[in-house]
Asks: 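My questions all concern the structure below.
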Amino acid sequence: MEKGLTQERLAEKTELSLTAIQKVETGQSGSRLETLIRIAAVLGVSLAVLVDIGVMGERYRGWQDAAYLLFQDKTASEVKYAIAVMDSIFKYKDKFLD
């Protein structure tokens with residue numbers, strides 16, 4: 001996917017390390033959802049497009065599109081904050097939900 005950004009510029013705009021960008025680009029495992037969301041937001045694409053989700057991911061496409069729309073106009077810092085808040089919610093959900 002070409003958006004005219006170097007890896008270095010994409011790392012800067014997403015507030016990620018160059019290594020993280022390189023891992024995503026080369027398809028190495030271990031990319032966090034937060035990383036993918038930040039990259040998708042900067043590139044202006046959905047997560048489905050970024051990770052080329054096929055038939056197995058079709059059932060999640062609506063959720064991914066919703067996440068993209070939610071984060072598309074946010075800064076990398078805002079995305080990072082929102083992901084941290086959501087992560088905290090899910091860590092403690094069992095404590096409060098039956």
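Computed over heavy atoms, backbone and side chain alike; hydrogens, waters and symmetry mates excluded. Sequence positions, counted from 1, serve as the residue numbers for this chain.
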Asks: Treating R38 as the side-chain partner and V79 as the backbone partner, does any N or O pair qualify as donor plus acceptor under 3.5 Å?
Replies: no

Asks: Say you draw a straight line from CD of Q7 to CD of E25; how long is it, rounded to the nearest 0.5 Å?
Replies: 4.5 Å

Asks: Nearest 0.5 Å please: distance from the CZ atom of R32 over to the NZ atom of K23.
Replies: 11.5 Å

Asks: If you take all heavy atoms of F71 and A82, which pair is closest and at what distance?
Replies: CE2-CB, 3.6 Å

Asks: Can you spot which of V24, L10, T35, V42 makes a side chain to side chain contact (heavy atoms under 4.5 Å, CB included) with L16?
Replies: T35

Asks: Got a sec, which residues hit salt bridge (Lys or Arg N to Asp or Glu O under 4.0 Å) with E12, two or more places apart in sequence or on another chain?
Replies: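 E12 satisfies salt bridge (Lys or Arg N to Asp or Glu O under 4.0 Å) with R9 once adjacent residues are dropped.
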
Asks: Just wondering, more than 12 heavy atoms not from K74 lying within 6.0 Å of its NZ?
Replies: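 Yes, the 6.0 Å shell around NZ holds more than 12 heavy atoms from other groups.
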
Asks: Decide whether L36 and M86 are clustered together by the hydrophobic rule: side chain heavy atoms of Ile, Leu, Val, Met, Phe, Trp, Tyr closer than 4.5 Å, transitively.
Replies: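 Yes.
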
Asks: If you take all heavy atoms of I21 and T14, which pair is closest and at what distance?
Replies: CD1-OG1, 3.9 Å

Asks: Determine, using the 4.5 Å side-chain heavy-atom cutoff (strictly less than), whether V85 and L70 are members of one ILVMFWY cluster.
Replies: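 Looking at the clustering, L70 is in a separate group from V85.
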
Asks: Once rounded to the nearest 0.5 Å, what's the spacing between atom CG of L33 and atom CD1 of I37?
Replies: 3.5 Å

